[in-house]
Amino acid sequence: MTETLSPDTGASTAPASGRRPPLRFARFRDLALVPAIVILLVVGALLDPTFLTTGNLLGVLQQQSALSLLVLAEAMILITGKFDLSLESTIGFAPVLAIALVVPTSAHGLGTEWAAWLAVPLCLLTGALIGAFNGLLILKFQLSAFIVTLGMLITVRGLHEGVSGGNSLFQIPQSFMFLGFETWLGLPLSVWISLALFVVGMVVLSYFRQGRSLYAVGGNVDAAKAAGIRTNKVIWTVLIIGGVLAALAGMLETGRLGAIGANLGDGMIFDVFAAAVIGGISLNGGKGTLFGALCGVLVLGLILNILRLTAVDGHWFNAIKGVIILLALVLSRLTTGKAQE
Amino acid sequence: MTETLSPDTGASTAPASGRRPPLRFARFRDLALVPAIVILLVVGALLDPTFLTTGNLLGVLQQQSALSLLVLAEAMILITGKFDLSLESTIGFAPVLAIALVVPTSAHGLGTEWAAWLAVPLCLLTGALIGAFNGLLILKFQLSAFIVTLGMLITVRGLHEGVSGGNSLFQIPQSFMFLGFETWLGLPLSVWISLALFVVGMVVLSYFRQGRSLYAVGGNVDAAKAAGIRTNKVIWTVLIIGGVLAALAGMLETGRLGAIGANLGDGMIFDVFAAAVIGGISLNGGKGTLFGALCGVLVLGLILNILRLTAVDGHWFNAIKGVIILLALVLSRLTTGKAQE
Amino acid sequence: MMSAVNHPAASEGLAAVARNVTKRYGRTVALDDVGIEIKDGESHALVGRNGAGKSTLVSILTGLQAADSGEVSFFGKPAPALSDREGWRRNVACVYQRSTIMPALSVAENLFINRQGKRLISWSKMRRQAGELLEPFGVDVDVNTPASDLTVEQRQLVEIARALSVGARFIILDEPTAQLDGPAIERLFERLRALQDTGITFMFISHHLEEIYEVCQTVTVFRDARHILTAPVAELGRAELVDAMTGEPGGLTVPGAADRPDVSQDSEVALNVENLTGDSFSDVSLRIRRGEVIGFAGSASSGKHQLAETVYGLRKPSSGVIEVDGRKVKPGSVLDALKHGIGCVPRDRHHQGLVLGLSIAENAAMTVMNKLGPAGLVPPKQLAGVGSKAIESYDIVTSGADQPVSDLSGGNQQKVVMARALASDPKVLVLINPTAGVDVKSKESLLGVVDRVARTGTAVIVVSDELDDLRVCDRVLVMFHGEVAHEFGRDWTEQDLVAAIEGVSE
Amino acid sequence: GQQSGGGTADGNAKVGVDFPRADSDFWNSYIKYVPQFGKELDVNLMPSTNSQNKVENLVANVQTLQGQGAKAIVMAPQDTGAIATTLQRLEQQKIPVVTVDTRPDSGKVYMVVRADNKAYGEKACKFLGEKLGKKGKVVEFQGALSSVNGRDRSEAFAKCMKDNYPEITVFEEPTDWEGSKAASALQTRLNQHPDIKGIYMQAGGVFLAPTLQVLRSTNHLLPAGDPNHIAIVSNDGIPQEFEAIRKGEIDATVSQPADLYAKWALFYAKAALEGKTFKPGPTDHESTIVDVGNGNLEDQLPAPLVTKDNVDDKALWGNQIGK
Ligand SMILES: Nc1ncnc2c1ncn2[C@@H]1O[C@H](COP(=O)(O)OP(=O)(O)OP(=O)(O)O)[C@@H](O)[C@H]1O
Ligand SMILES: Nc1ncnc2c1ncn2[C@@H]1O[C@H](COP(=O)(O)OP(=O)(O)OP(=O)(O)O)[C@@H](O)[C@H]1O
Ligand SMILES: [Mg+2]
Ligand SMILES: [Mg+2]
C-alpha cells in the first residue's frame, strides 16, 4: 500500500550521474590551500636557493611542530563549537609547573623536588586539569567559552609568572628534553609526534563515531543531544584533550629550545587561530577538517620561513606577513568559491 | 479533509498578567554588573583609604577612557554580529601615521611635513579607512570577520612599526595633546568625550531605527534583509565608525601619555573583549547594551585599580586579575540567572 | 490536463509577474524557466511537492535572491534593483517558510522591525500598537517579552501579523499554517478574507490542499522545478490537482488503521508507562502493545508534546516509570531510551531534528553510529548505505547522500528526520508532528511508513494536530490539562474528537 | 681561560646578525649602527634578521642564517635560558657566537658584549638614595617580568636599596614595557602617596613621556632644585632623556652604549673568524674582559651615568644621532 514513489529525481536534482559525484565537496574544500602552498613553494624557491633544501624544509616542520599541536587542539575545540584561548598560556605553564615541582630551589624549583620522572606525567596532568576547569566553568556555570578561556588565559599566564618568578627555567629533566630534541630516521621526533597525532586525529574525526560526534555537537547541539550524543561529555573530553595537547606542545618546545622562557607562548594564540581559520575551520562550529588545519599550519610556516630567508627589514616584517595572510585567505576563498565563516 | 484540531491557546502562554511586568528583561540584564561593581567599591574602600577619593576614581575614569572607546566600538560591532580584532592596532597606527605625515624627518616624520592642523583629521581618516577595508574584505570577499581582522591586526601593527621605524614619537602636535590632556569642569576632557559618545551611542541604539537595525542585523541577518534593512551598509558603517573610534582613542591615549610608543595598544584587544563580554555583549550578535558594556569597562578598571593600590606582588598580578575576572563572570551569571554566549 | 494552461493575455491588472525564471544552486536546478502571473486582487495558490521550487520562487519574488535569468515585475513595472530593499518592501510583504524572527528582540520590536518610526522611537506607542496588531490573532503575550520565549505557534503568528500589517498591496504567505492549530488558522483566514475584500492580492503556499479551496481563486502547480499548470481553483478537482503535483495518476490513499489486522490482546506490551508526571502533565499511565499505533491529540497546552518528549528522554519526569519490553528506562536519558529501542521524530526539525551542516547520510545514521562498525568505527560504505537507503525509502529529493541537509527543501528535511528515527529499527517509535510541512504525497508515504513498521511489530506513538496523522492509529488518546481525558478506538469521528479536545464532551 | 675561535681562519666569511626587536628606541639605534660599523670594520654582513622579542623566532632565524652560510653569529637573546639548545648546536658546528646585551645562562659563546645591567640598577639606586637623603618613597617602573635585563635591574635596585637605604620605600610597578601601564600606575600611586619623592624608570624610551605627562597633569612637574621636585633616574640614554635633563625635568640617566654594542660585537665576530683569542683583563677601549665562568668571556663596556654635568658630552651616543 505504501509504495515509495518512483524517485524521478531528474530535473530537480543534478543530472543523476553515478552514485558518487567526481569531486566531493568536503574533499574539494580540503584542498583549498594547496594552490597557496604551491605558490609559496615556487616563490620561496625563486627567492632563495636555500629554501628547497631538506635542511630548511625540515627546519620549517620542526619550528611548526609545537604550533601544529595547538592548532590540532584548537581545531577540534572549534569544530565542537567551543573556543579555547587559554591554550597559549597552558603551553608555557604546564611544563613550568612540572619542572618547578621536580627541580631544586636553586634552579627556581618550588622546593618539592619530586622524582624527575614525574615531570612528564605532571606536565600532561596540568594541561588536562586546565582543560577540565575550563569545561567546568563553561558547562556547569554556562558561561561563554570565549570569555572563560580568556579569563583562564590571563590567570594561567599569571600562574606561570608567579611560579617561575619570571625566570627562565633551564635545568630541564632528560625525559623532557628527549621529545623535543631527538631525531628519528632523520626527522626530529617532535615532527613525528605531531604528524602521528594529526593522522590519529584525522582518522578519528573522519571514521569514528566519537570523532563524528564533534561535528554533530558543533553543528547543532540540541539535535546531537536528541540523537543520543552525550554532548557535555564530548565537549569536556575535547577541552581536556586540548589542554593535554597544549602541555605536550610545551614539552616539545622546551626540548627544542633547551629551556622555558617566562613568556613562552605569548601571543601564539593569534597564530593558532590564523592557521586554523586559514585552514577552513569555522568559528561557528561543525565545519572544517584537520587536514585543512594542517595545511593552514604549513602555509603559515612557509610564509614565515620565506620572510626570514629574504631577510625583510624587521620593521616591515609584520606588515608583509599580515598582507600575505590576507592574500592567502582571499586566494583560498576564490579557489573554493565558498563564503567563509 | 485535513483539518487541524482546535486547542485553546490560552494556557499555553504565560499567565496573561498586566501589560507591563514589574521587572523588564532588558533592564534587568543591564543591571547584572551592578552587584559586582558594588562589591568592588566596598572591597576597594576597605582595602585602601585612598580608593574612594575623587582623585582616585577620576584617575580610574581617565585611565579607562581610551579603552572605553574601543569597547564602545567593539560592542557595536559585536551587536551587529561581526568581529574586529584590528582595533588594537588601529589605536596605535592611526595617530602614528597622522603624526609622521606632519612632523619633520628629524622627529621620525615621513618627510611630507603637512600642516600640523591636518593631524587630527588624518588620524580619524586613517581609522575610517582601516574600518572600510575590513568591510571590503568581509562583505565583498565574504571572508570571516575574525580572520580578516586578525590579518589586519598583524598588518596594521606592522605598518605602525614600519612607519615609526620602531621609534616612539615624542613630538606631538598641540591639537593632539589637547584632547587627551586638558580638563573641563574638573574632569579630564577624555572622560567627557567618552561619556558623551557612550550617551550618544545609547540613545541611538535605543531610540533610533538606525541603531535598532544593528540588533536586527546581528540577530538574524537574513530576516533583517527581508525586513528591508540594507545589511551590508549597516555592517560597513559600524566597521568604519569602529575604526574612527579606535583612532580617536589613539588620540586620547597619545595625549595622556605625551608620546606614542611603538607598542601602543599591544594586547589591548583582550581587555576590550573581556570588558564587552563581562558587560553582557554576546559574541553571537544581536544581544547586549552599551550600558552593560560601559559597566564592563568600569568593572575592569576598578579591578585593576584595586590591585594597583594594594600593590600585590607583580609576579602574581595577572593570576589574581584573572581569577577576579572569572569571579565577576560567575557572579554576574548567578545574579541574572541567564546563560551566557 | 497535465499541460500548462495558457497564460492570460492581459498584461494589465497584474499584481506580480515572473517570466522565464531559472535558478540553480550549484548542481541543483531549483527553478527551470518558470513563470507565474498573479492578478490584482486575486488569491493565487502555489502548490507542488517538497523541493518543487516554491520557496525559491518566493525568495526571487521578494528580492532576497537574484534569479539566474528571467524577469520579475510588480503592477506593470519592473522590479527594483536588488539593493533597493525599500523598493521591494513597498511592492511585496511576505511570511517566509524559514523563521525571520529575531529571538533577542521583543515581540513588539519584531513586529515593527525597520519601521519603528522616522525619528525618536516611542517605545510606549510601539508597545500599544503591537498589542493592537496581535489582538485579532489571539496571541496573548506581553509584547515586551523577547521573541525567543514564544512558542512556535506564537512566533508564526507574529510573523503573519507583521506581514499583514506592512501595508503592501501584494502579500506572499509561504506555508503560514504549517505550525498552526485549528482556531489560529480560522482567525488567520478571517483576516485574509477581510484583506481580500479591500483588494489585497495574495500568493498562498500550503500543503493542506483544502485550505487552497477555502481561500484561493487560482492555483499554479510546480513540479520538478517546472511550471505544470495554472487554473481557476473552481475548475480543478482535488484528485486532478494531486495528479498534477505528483505527475502520475492515482490519487492519494492515506493509510487508515482499519486496513491493519487488529492488535491481539495477548501480544506483548512494548511500552509501559506508569504514573508518569512531568512538565505540563501528571499521572499518565498507558500500555502500548507491539504493532499498536497510539495517537495523542489535545490542545497546545494539553501536555501531549511534553509527554512524548519525556518518553524519549528529552525531558526528565518528576516521577513515574517508563519500561520497554519490561525493562526500565533511565528517566531523562536519550541515550538510554535509544538503547532500549525508542526512536523519535522531535517536534521542531531545525531545533532538535537535524544538524544542517552535515550530510543526509550522517544525519540519518546519527542514532546508529555505534552499530556501523567495531569500536565506534564508521566505515564510509556503511554510512553511505544508510544514506541511500533513507533516500530510497522516504523518497528524498536530493543530489546524493552526501548533500548537506541545509540544501534540502523543508519537506525533504523532515523525511531525513524520519529516517534518523527509524535507522535504529526501534521497538517503540515516538513521532511528534511528523508530517509538518510535508507535501501530500510524501505525507502519504510517511504515514505509510508508520503503517509498515506497525505491521512489523513496532509500537508507535503519534502526537499530532492533524486528523490525517491520527487515522493510522488504533487508539487515540485525548489529553486535557495534562491528563488523558478521553480514549477513542479506530472508529472515532471528527466531531467527537474535536469536542473532546476542547473539553466540552461528556 | 684562554679561548680559541672555532671555524676557518677567514676574516671575510659571512657574519649573520639577529636583532632582538624593532620596537624600542634603544634597539633601533643599535640596528642603525650595525651596518655602519660593519662597513668601518670591513665585516662581510649578511642581511640581518629580527626575532621580535621571541626566542622561538631567534632560534628559527639562527637556523636560517646558518642555512644561508653564516660562519659567525651575533645575537642578543632577550631570553637567556631558552637559547641553550641553539648554542649547543652552534658549538658542535663550530660557529662562534657573540651575544650582545645579555649573557646566556648556559652554553658556550665566543664573547659576551654588554654593559652590566646590575650596575644600571645600582647606579640608579645610589643616585636616588643620596638625592633623597636616604629616606622617602620611590616608584620603580619595571619592564616585563620575563625580561632578563629588566630583572637584573630590578634585583640590583632592590638589593642596593635594602642594603644601603632601608628607610626608603620602593613601589615596584611591572609594566610589560608599556607606557600606558606606567602612566596608570604612577597616577594611582601619586593619589595614594602624594609624598613620593623619586622615580626610577628602567627604560627612558618607553616611560619618559608618560611619566612627565602624568606629573604635568597632576602639577608634580617641578624643575630640579624646587623642594617638591621628584627626582627621576632613567636608563637608556636617548636624546629625549638628555633634553629632559637639560630642562631639569629629570635628573639622570644611565647611557646604554648602543654604538659600542654594535662596534664591539662586530669586532669580536671578525676576530673569531680570524682565529684570534682573548684573555681576561683590561682592554684598549676603557673596558674590562672578565671570565664569567664556563669558559665564557665578557667584555663589560662602560655605561656612564649622565647628569646635568656631563649631558653635553659629545662622546655619548645619544648626542651623536640626530635629535
Ligand atoms: N541554499 C540552497 N542551496 C542548495 N540547494 C537549495 C538551496 N535552497 C533550495 N535548494 C534546492 O532547491 C530546490 C527547491 O527548493 P525549495 O525550497 O524552493 O522547495 P519548496 O518547493 O519550497 O519545498 P517545500 O515544500 O519542502 O518547502 C530543492 O531541491 C532544494 O534542495
Ligand atoms: N519592546 C521593547 N523592545 C526592546 N527594547 C525596549 C522595548 N521597550 C523598551 N525598550 C528599551 O527600554 C528603554 C526605555 O524604554 P521606555 O519604555 O521607558 O521608553 P520611553 O523613552 O519611556 O518611551 P516613550 O517615549 O514611548 O515613553 C529603551 O532604551 C529601549 O531600548
Ligand atoms: Mg518551501
Ligand atoms: Mg516612557
Side-chain angles (χ1 to χ4, degrees), chain B residues 1-21 23-27 29 79 81 203-234 282 284-289 338 341, chain C residues 62 64 83 85-86 88-89 94 96 98-106 109 113-121 123 127 131 138-142 144-146 149 151 153-154 177 180-185 208-210 297-302 465-468 481 494 497-498 501-503:
Chain B
M1 172 181 157
T2 311
E3 299 105 300
T4 13
L5 305 171
S6 58
D8 53 343
T9 31
S12 73
T13 71
S17 52
R19 288 227 58 80
R20 183 190 269 241
L23 211 52
R24 290 231 317 264
F25 168 75
R27 297 254 170 103
R29 184 77 183 83
I79 288 173
V203 169
V204 171
L205 261 64
S206 299
Y207 292 106
F208 281 85
R209 193 156 55 93
Q210 292 81 350
R212 298 310 295 174
S213 69
L214 305 196
Y215 287 90
V217 172
N220 184 344
V221 68
D222 291 323
K225 213 178 273 170
I229 294 172
R230 293 168 65 184
T231 54
N232 276 7
K233 191 180 138 198
V234 170
S282 160
N284 298 335
K287 267 183 217 159
T289 63
K338 272 270 166 181
E341 276 139 48
Chain C
T62 55
L64 281 194
S83 60
R85 293 295 315 148
E86 268 310 310
W88 284 91
R89 254 163 67 87
C94 181
Y96 293 92
R98 293 200 179 170
S99 171
T100 57
I101 287 287
M102 329 245 172
L105 299 186
S106 68
E109 193 167 10
I113 193 74
N114 201 31
R115 50 196 183 107
Q116 298 99 328
K118 282 268 174 289
R119 288 162 178 281
L120 215 58
I121 297 169
W123 288 100
R127 282 192 294 268
V139 183
D140 192 8
V141 290
D142 175 12
N144 266 319
T145 48
D149 289 1
T151 63
E153 297 97 294
Q154 289 168 338
T177 57
L180 302 184
D181 52 28
I185 292 176
H208 299 147
L209 298 183
E210 74 288 346
S299 69
S301 61
S302 64
D465 292 331
E466 293 187 23
L467 295 188
D468 271 355
H481 286 324
E494 233 171 271
L497 202 56
V498 170
I501 288 168
E502 289 175 351

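Residue numbers start from 1 in every chain, and the chains themselves are labelled A, B, ... in the order their sequence lines are given, proteins ahead of strands. Both backbone and side-chain heavy atoms feed into the values below; hydrogens, waters and symmetry mates do not. For clarity, every value in this text was computed on a predicted model and none was experimentally measured.
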Heavy-atom distance under 4.5 Å to chain B: side chain of C/Ser99, backbone, both or neither? backbone
Does the C/Arg85 side chain pair with the main chain of B/Ala227, one donor and one acceptor, at a distance under 3.5 Å? no
Separation between CG (C/Leu105) and NZ (B/Lys287), nearest 0.5 Å, reads 10.0 Å
Taking atom CZ as the centre, does B/Arg230 end up with more than 12 heavy-atom neighbours from other residues, nucleotides or ligands that are less than 6.0 angstrom away? no
Based on non-hydrogen pairs under 4.5 Å, which of C/Ile113, C/Ile101, C/Leu120, C/Thr145 is most in contact with chain B? C/Leu120
Under 3.5 Å, is there a donor-acceptor pair between the side chain of C/Trp88 and the main chain of B/Ala226? no
I need the B/Ile229 CD1 to C/Glu86 CD distance, nearest 0.5 Å. 9.5 Å
Enter the distance from B/Asn220:CG to C/Thr100:OG1 here, rounded to the nearest 0.5 Å. 7.0 Å
Where is the tightest heavy-atom contact between B/Gly286 and C/Ala104, given as atom of each residue plus distance? O-CB, 3.5 Å
Under 4.5 Å heavy-atom distance to chain B, tell me which part of C/Arg98 shows up: side chain, backbone, both or neither. neither
Which of the residues B/Gly219, B/Ala216, B/Gly228, B/Ala223 is involved in the greatest number of heavy-atom pairs with chain C at under 4.5 angstrom? B/Gly228
Heavy atoms only: give me the nearest C/Asn114-B/Arg209 pair and the separation to one decimal. OD1-NH1, 3.3 Å
